[in-house]
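Take a look at the structure set out below.
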There are 2 protein chains.
Amino acid sequence: MARENTCRFAVLGMLCRKPMSGYGLRRAIEQTVGHFWQESYGNLYPTLERMEAEGLIALDREERSPGGRVRKVYRVTTEGRRVCAGWLRRPVVPHVERNELLLKLFFGARVGPKDSLAHVERSRAEAEGLLDALRRIDEDARREREGDPELPYWHLSIRAGLLGLEAHLRWCDEARATLQGLARAQAAKKKRGKQDAR
Amino acid sequence: MARENTCRFAVLGMLCRKPMSGYGLRRAIEQTVGHFWQESYGNLYPTLERMEAEGLIALDREERSPGGRVRKVYRVTTEGRRVCAGWLRRPVVPHVERNELLLKLFFGARVGPKDSLAHVERSRAEAEGLLDALRRIDEDARREREGDPELPYWHLSIRAGLLGLEAHLRWCDEARATLQGLARAQAAKKKRGKQDAR
DNA sequence: GCGCACGTCTATCAGACTGATATATAGGCG
DNA sequence: CGCCTATATATCAGTCTGATAGACGTGCGC
């Protein structure tokens with residue numbers, strides 16, 4: 001039922017690169033695929049336990065971590081690798097992703113264009129920030145990970161973000177123009193209404 | 001805890017347009033904002049109950065529905081309108097959306113480019129289908145809803161989808177070229193390996 | 001040398017949300 | 001008559017998020 005536990009596969013993929021603890025996994029995910037994938041501890045830790053029980057991963061070692069607590073380092077098992085490869089070959093199941101901005105805009109029709117305009121401006125500013133960050137990440141990766149066989153795939157995922165954000169910026173500009181037009185029309189109508197009332 | 005119940009606001013926004021049943025709400029959401037927002041019954045019905053208890057919506061009437069069962073039609077209360085307006089003014093909280101395609105691609109680095117290429121091709125075909133559907137929806141709306149004050153907002157949300165999908169198609173083409181290049185490089189390396197082994 | 005902010009680490013919980021499934025009825029089709 | 005489709009409500013297991021808690025170590029300021 002529901003969708004299949006994708007956290008499993010993020011864990012398997014990451015552990016195929018090298019053994020890690022739950023905390024380390026979250027950090028590794030954040031630092032490599034963080035712009036399109038994140039895992040919360042509330043998802044990660046129970047999933048790790050289940051995966052260990054299922055024999056997909058195994059406790060590699062326990063270390064005294066810098067920070068007192070015992071760090072449980074996991075590694076993939078052969079079975080885990082098999083399951084991961086199976087997932088990698090399975091087609092992606094598409095799904096509609098919720099877009100709260102568009103929902104607010106749609107309902108904003110009944111309130112007036114001013115708030116909608118503010119939402120668009122905020123979204124635009126945020127997208128520009130992300131765009132800068134992505135560009136910097138891309139440059140850093142090219143410099144520091146030269147020759148890494150993962151680099152072209154890395155770059156591909158960043159390009160996806162870049163193209164998506166650029167399209168979003170263009171849409172923001174369109175939306176701004178449309179909403180400003182609607183605001184002007186509304187103001188003109190109001191003014192006419194006042195004149196009529198005289 | 002967790003994120004706030006956005007289903008509430010989708011319900012409020014839709015009921016501000018006109019009173020509806022749970023089933024009708026789902027259909028209305030599907031038919032207007034379905035390309036970027038969906039609600040499941042498992043979310044909708046319990047949410048409706050809670051909202052009624054909280055006084056955000058009220059039972060408007062019960063009808064014998066075409067289809068035997070009793071249809072519970074809800075309407076917004078004044079309090080519901082107030083809460084909805086408050087939500088409309090509140091800024092959108094941004095969050096990283098998961099992208100399974102990119103995750104498979106990233107891990108696909110360790111398997112080889114062939115499966116990745118298949119994923120990209122499938123995604124491209126799917127995006128083209130969606131693009132066609134959106135264009136048709138846009139044309140239909142312009143024809144049938146001429147003069148509707150909601151129309152410009154409607155068009156705006158469709159433009160967002162259109163621009164996003166076009167960007168995705170461009171990315172797919174880039175990705176295809178990159179992956180084909182990697183596949184060729186891998187094949188050449190294999191061939192060299194064979195020659196060396198002689 | 002005392003407190004305390006910060007980083008590392010595991011862990012848990014309420015609540016949101018999905019996708020599947022169950023149940024019931026009316027109408028149309030062959 | 002059975003079968004399909006549309007209308008309608010309801011429930012459930014299971015995924016995932018964001019918040020929070022607790023425990024320890026290091027370095028910093030005062």
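Chain letters run A, B, ... following the sequence lines, proteins first, then strands; residues in each count from 1. The basis for the numbers below is simple: all heavy atoms, side chains too, and nothing from hydrogens, waters or symmetry mates.
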>> Nearest heavy atom decides the nucleotide; on that basis, is A/His95 or B/Arg8 closer to the 5' end of DNA chain C?
In response: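 Taking each residue's closest nucleotide, the earlier one in sequence belongs to B/Arg8.
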Using a 4.0 Å heavy-atom cut-off, does [X] contact any base of the nucleic acid, only the sugar-phosphate backbone, or nothing at all?
| X | value |
| --- | --- |
| A/Arg98 | sugar-phosphate |
| B/Thr47 | nothing |
| A/Gly22 | sugar-phosphate |

>> Both conditions, 6.0 Å and 45 degrees, for the charged tip of B/Arg145 above the ring of B/Trp154: are they met here?
In response: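 Relative to the ring axis of B/Trp154, which defines the angle, B/Arg145 lies inside both limits.
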> Do B/Arg26 and B/Tyr41 meet the cation-pi criteria used here (NZ or CZ under 6.0 Å from the six-membered ring centre, within 45° of the axis)?
Replying inline: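 Pair B/Arg26/B/Tyr41 counts as cation-pi.
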Is there a side-chain polar atom (N or O) of [X] under 4.0 Å from OP1 or OP2 of [N]?
| X | N | result |
| --- | --- | --- |
| A/Arg3 | C/dG19 | no |
| A/Tyr23 | C/dT8 | yes |
| A/Lys72 | C/dT8 | no |
| B/Asn43 | C/dA16 | no |
| B/Asn5 | C/dG15 | no |

Measure from the side chain of [X], starting at C-beta and using heavy atoms only, and say which of [options] lies closest.
| X | options | result |
| --- | --- | --- |
| A/Glu49 | C/dA16, C/dG19, C/dT12 | C/dT12 |
| B/Tyr45 | D/dT7, D/dA10, C/dA11 | D/dA10 |
| A/Ser21 | C/dA16, C/dT10, D/dG18 | C/dT10 |
| A/Ser40 | D/dG18, C/dC9, D/dT15 | D/dG18 |

Mind calculating the distance between [atom1] ([X]) and [atom2] ([N]) to the nearest angstrom?
| X | N | atom1 | atom2 | answer |
| --- | --- | --- | --- | --- |
| A/Leu44 | D/dG18 | CG | C1' | 14 Å |
| A/Glu39 | D/dC16 | CD | P | 7 Å |
| B/Glu62 | D/dA8 | CD | C1' | 12 Å |
| B/Trp37 | C/dA16 | CH2 | P | 13 Å |
| B/Glu100 | D/dT15 | CD | C1' | 13 Å |
| A/Tyr41 | C/dG7 | OH | P | 12 Å |
| B/Arg50 | D/dT9 | CZ | P | 17 Å |
| B/Leu48 | D/dA10 | CG | P | 9 Å |

> Can you tell me if A/His35 uses its side chain to pair, donor with acceptor, with the backbone of A/Leu130 under 3.5 Å?
Replying inline: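 Judged by distance alone, no pair lies under 3.5 Å.
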>> Both B/Arg27 and B/Val96 contact DNA chain D. Taking the nearest nucleotide for each, which residue is further toward the 5' end?
In response: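 This one resolves to B/Arg27.
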>> Checking side-chain polar atoms at under 3.5 Å, does B/His155 have a donor or acceptor matched by the opposite partner on B/Arg142?
In response: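 Note: B/His155 and B/Arg142 side chains meet the donor-acceptor criterion.
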>> Can you tell whether the side chains of A/Arg17 and A/Glu150 come within less than 4.0 Å, N to carboxylate O?
In response: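 Looking at A/Glu150 together with A/Arg17, the answer is yes, because their closest N to O distance falls below 4.0 Å.
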>> Taking the side chain as everything from C-beta on, heavy atoms only, tell me whether A/Trp37 gets closer than 4.5 Å to B/Leu102.
In response: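 Side chain of A/Trp37 against side chain of B/Leu102, heavy atoms only: no contact under 4.5 Å found.
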